[in-house]
Each structure stands twice: as structure tokens, then as C-alpha cells.
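To start, the structure under review is shown below, and the notes come after it.
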Amino acid sequence: MANRILLIEDDERIRASMRLALEDEGYDVLESPSAEEGLDIFSDNPVDVVLIDLMLPEMDGFECCRTIRRSSGVPIIMVTARSDSHDVVAGLEAGADDYVTKPFVPKELTARIRALLRRTRATEDTNSTISVGPIEIQPDAGEVKVGGSLVHLTRTEFRLLCELAATPGKVLSREQLLERVWGYDYFGDGRLVDVHMRRLRTKIEGDPANPTFVVTVRGLGYKLAA
Amino acid sequence: MSNDRERTWIRVPGMRTRIMAGFALGAFGLSVVLSFVTYELVKNQSIRSTQDAARRQTFAAANLVRSELSPPLPADMAAFLNGLDNPSGTLPLLYVGGRWYSTSLASEATIPTGLREAVLNGTAAFQRFNFNGHPELGVGVPLPSVNASYFELISLADVAHNLDILLVSLLAASALTTIAGALVGRWATSRLLAPLTETAKAAVAIANGNWDTRLVANDNSLIDLVSSFNLMVEALESRIRRDARFASDVSHELRSPLTTIETALQVMERRRADLDDRAGQALDLLGLEVRRFERLVQDLLEISRTDDGTQRVSLEEVEASALVLQCLRTSGVDSSLVNVSESLAGAQLMADKRRIERVIANLVENAKSHGGGVVGVTATKAGSDLVVYVDDNGPGVAPDEREAIFERFSRGKLARKRSTNDGVGLGLSLVKEHIRLHGGDVWVEPREGGGSRFALKIPLAKT
């Protein structure tokens, strides 16, 4: 079955051209010119990936992201105007998994989508429970329990935790994490890792400001304290 | 042009020097006049009082001589004259009976002729004169009752000595006053120039991009200068910001259509095989130009970001050699051309990876389009800097263009002659901008054996 993409973009021509390009890549595309309509479509249809332009009339892309995140861990890619603005971090904080910057080459976008979809399915590999301290990870069910209670992680957060848990106590650099989770090369945006680590901490750490499990190793990367 | 100006420039001393000189000159003139007046007054006064005293003394002595001079004349006239008990420095002379008498120290020849004749003709007189280079006062009194004339020669050396001391003191005071005048002048100039110094500092700060720099008026007489300066800065700032925003707005507006064009183009390129030959060729041209156009817009966006000051440098500590190798790999430089010095082992630097990647990509791109491709890349450590050389085999860069090629839309004369020109003229200016943000430097030099060597230098992190 074809993966379904929800495209929320107010520019009609970009939307039309992207539909053509994405359909060429074998995706099923649902379109919406506004956040409000997009949220309606999202609640009525199963969707595998959401593409949101941050600059939308009425409700903006950030709010749209947050609204989706309240009910779903679906992969979200945001389309931003600038890669070096605060928009990127704000969008990631709002719950986006990845971003592309206009003008983008469609190949770049489909590469990002594929990496996200891989992330979604990567949980099929193992089915044994991984335990690190009070954290229990069940890769096959995609579930994480901290101290016995279930926490809801997005796919990206879950994959990050799995990567760290695979080698407890060993430091993984941002580049390694970017490559393994997002499929980026050396020049991937380190902020992706940082923001998602922050979000992960708010979910599994007792005191996110003083993390005891997901630890930052200055100048090197992150590790899961064994 | 600046050379011409320097040549025709007649050097006028600076305002500071002129005001200092003015104050010094004024102080000098005033003190010299005052000294002169003082000296003259004191001199006249002291000479007059000396003369009065001398005359009184001479008349008193003459009276004594007259009363004593009743015949017979004293046998030892010198002893008699010595016995007059004159103050030291006074030499008595007596002319009586056609003969001159004196103490051993004086002779009648010493007495100026005019004085002598006047007295011998029966008039009391006095005269100042120099004897052996010493100032002397001669006073003569005729004594007709005893048919004699009495003279005294009084040394004025003490008075002259005192006047000399006074003169030296006054000159010294004048010199000190002149120096003090110059110092006051300097102090006054620095007070006077303080607002100008402030203005100059503010101008430099503004030139460095600190647009919120303003002057503060702490003196009422400067309010005009300060407010017009601040007005000028505001006008300039808003104008520059408007220009920068315009460039940025234009580039932003281009994003959306460009996204549509690129996306639609890719859809068409997938179907290249379905097109007839001519349509296919046209599509290829379209593709090439759209990519070039996209690069131009990206560069413009980046430039406008640096211009409106909203660029964000996300520095992180990275390993120098790894960064260079990754950049070269992304830019498609064959690893056999790359030479990374062992001196870089373990060296770290604070870098915005994305910007450095753009820098290397632009240098490689430049070598491809203007220098016949990269023939070698060397990364090494020089002092506390990372230095990367990108060598090409092209025609080189003329010495007078080596600065200019790092300016916007400058492509060099040689490049303009080319039939195909992929450079968009912003690449090297962006290189310079990115490197500047890293506190480094970029330049071009001729390569040994022909071609150009583009060099960049970035400070390494301190270990």
C-alpha cells in the first residue's frame, strides 16, 4: 500500500507541483491550503507523513504542529523559509521531526520522507526488551516504560532512545545520531539532535534540567548513563 | 587617486598643534612685555636711588674736604682722602692747586672728560660711564672757596649685578610662562577636541556595523553637531536597512516560484526519455539554468542575511582535518588531490560546518569555472591557524584583481571573456564573508608552476 502524505501548503502552485513530484515517487498525496482544513483531513484519514509550511494564513504551521502532536506521533516535516532563523528551532520544539528549506529540490524532500518512514519501521528488527536502569524499551511494540509507567514518544524520540540504549554508556556524536536516525551526512543540522534530546528528556527524566539518563558529553555528544 | 591627493596636499599643522602654538605664543609675548616693563622700571628706580645716594654722599664728603682743606695742605693727601671714611667701592679724587690727588686706586684719567671739564669750570655734575667694563658713576663738586674740585667715582657693579639677576629671573619666568601656556593650550584643545574625538569614535563604531551608536550632548554649544550627527546616522541606517531588506525581500519572493519551478522540472526530467530530441535538449538547458538560478538566489539570500545583520553563526567544536576532508568529499574533490598535513592531527576549531562547507564548495566551484579545475588541496597548520590551499591550473589572477575578485559580482576580466560562465559573481564574496565570521582571512596568490592558489586561514581552537 502506498504511503500517504498530507501536504499543508498555502501556495497553490507549489502544492500542485509537489503533488506531481510526490506521486511520481509513488506516494499518495492529500492536499490542504490551510492548517484548519489540514487538521480536519488529518483526523479523518490515516496519514504516514505530514508536510507543513510554517507560513500559513490564519493558524500558522507551529500551532498546526502542536495540535497534531497532542494526539499523534506521526512524522512531521516542516517547510521553512530560512535554515538559520529561530523558525527551525521553534518548529522542532513544536514537534516537527525534520525540516526542508525553500527553495528545495524535490529529491531532497523525498530523501527526508524516506528517512522518516524508515524510522517508523525500524522497530521491526528486534523484539527483545531492552532495559537500562528504570527504562524499559520494547522495540517490537514501540513502547517505553519508565519505572513501569508508559511514556508516549514520537518515532524520532523513540529511535534516538533505541540508538543510545543499544550501547549504554557509550558516547554517540551528533553526527552519528544524525546519520543513524535522520539519514544525514556530516553536514546535518546538529540542532535536530539537540531539540529532540531535549524533548526526550522532558518525557523520561524526573528533572529534565539535570538529566540522569540521557547525558550530554560536552564537545562529544550524548550517551545513555548505564 | 589617494596618492594624487597626498602629493598635492599641503601639510597644515593639526588643530591641536596650532592651538598649542597660539597659547604658547600669547603667553610668551605677554610675559616678555611684562618682564621688559618690570625690568625697565626696576632699573630706572634703582639707578636713580643709587645716584641720589651717591650725590648726597659726595656732597657730604666735599663739605668735609672743604672744611679740612684750609692751608697748609695735608702732607699725605692719599691718607687724608682715605680718611674720609667713604663706603667701599668709592674712590675719592681731589684737584687742588693745579694738582690731582687720589688714593692709589684711581687717577684723574679715569674721570670722563666732560664731567671733569664741567666741574673744573665750576658746575657740580655727575655722569655714568664704563670703566674697564664696569659701570661707574662719577660725581664732581667744585670747591671755589678753597680753589679745589672734589670727585668721587662710585662703582655701580652691585646695582648692575642685581639687575642681571633680575633679568635672568624674568627670562626664566617668561620661559616657564610660555611652557605653561603651551600646556594650557594642549589641555584646552583636548577639551575642545573631545567632542570631535567622540564623534570620530562613534563614526568608527558605526562603520563597524554598530548601528545603535549615538552621540550624547553634554554641552549646550554642541547640541547642533550632536543632533545632526545622530540624524545622519539614523537616515543612513534606515536607508541601508531598507536596501538590505529589499534585497532580502526580493530573494524571499523568489523562493516560492523557484520551488515550483524546480519541482515541476524534476517531474519533467523523469520523463526526459518520452520527449523528442529537441525538447529534451531544451529541458537540459532549462535544468542547468534553473540550478544556476537557484544557486544565485541562495547566495543572494545568504548575502542579504549578512547585510541585514540577522545571520546566525552556529559555531561548534569540530576536528579540523575531518571538517576539511568532509567538505572536499561533498564538493566532489578526488581524494588523491588532497593532502592533509600531520601537523593538524587532533587540532580542533570552532566552526559553522555548513558555512565552511559552502566556503570549500565555492572555492572548488571557482577553480572549476575559472581555473580549469582543482589540481590540489593542501590543509596544514600555520602557527595557531588552519590554512587550506586550493590550487588550480588556470590563467591566474592579475595582481590588481586579487582584492577585487572577493567583491560582489566581480568576475575578473578573464572570466568575462568566457563563452560559458557558471560563476554568479557572489561565490567568492560569500567565501570572504563566511571566513570573516570565523575570524579568518582568505586571499589568492599565484601558484608555483602556473595557476592560482586560493588560501584561507581560520584560527584553531586553543587546546
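The sequence lines fix the lettering, A, B, ..., with proteins before strands; numbering per chain opens at 1.
- Sparse packing is recorded around CD of A/E58, with 12 or fewer heavy atoms of other residues, nucleotides or ligands lying under 6.0 Å away.
- In this structure, the portions of B/L323 lying under 4.5 Å from any heavy atom of chain A include both its backbone and its side chain.
- Within 6.0 Å of CE on A/M59 lie more than 12 heavy atoms contributed by other residues, nucleotides or ligands.
- Around atom NZ of A/K223, no more than 12 heavy atoms belonging to other residues, nucleotides or ligands sit under 6.0 Å away.
- Minimum interatomic distance between A/G188 and B/K353 (heavy atoms only, all atoms of both residues): O-NZ, 4.2 Å.
- A/E175 CD to B/E316 CD: the interatomic distance, rounded to the nearest 0.5 Å, is 6.0 Å.
- Counting non-hydrogen atoms of other residues, nucleotides and ligands closer than 6.0 Å to CD of B/E253 gives a total of 12 or fewer.
- Both the backbone and the side chain of B/Q326 come within less than 4.5 Å of a heavy atom of chain A.
- Taking CZ of A/F104 as the start and CZ of B/R255 as the end, the distance is 11.5 Å to the nearest 0.5 Å.
- Most heavy-atom pairs under 4.5 Å with chain A: of the set B/V297, B/T330, B/T259, this distinction falls to B/T259.
- Between chain A and the residues B/E357, B/E317, B/R270, the largest count of heavy-atom pairs under 4.5 Å involves B/R270.
- Residues from residues 10-29 of chain A that place a non-hydrogen atom less than 4.5 Å from a non-hydrogen atom of chain B comprise A/D11, A/R13, A/I14, A/S17, A/M18, A/L20, A/A21, A/D24, A/E25, given in numerical order.
- A salt bridge is absent between B/E269 and A/K107; no separation between the charged side-chain nitrogens and carboxylate oxygens falls under 4.0 Å.
- Under a cut-off of 6.0 angstrom, the local environment of CE in B/M350 is crowded, with over 12 non-hydrogen atoms contributed by other residues, nucleotides or ligands.
- Under the side chain to side chain contact (heavy atoms under 4.5 Å, CB included) test applied with A/P103, the options B/L258, B/I261, B/V290, B/T260 reduce to a single match, B/L258.
- Proximity to chain A is limited to the side chain of B/R271, based on heavy atoms less than 4.5 angstrom apart.
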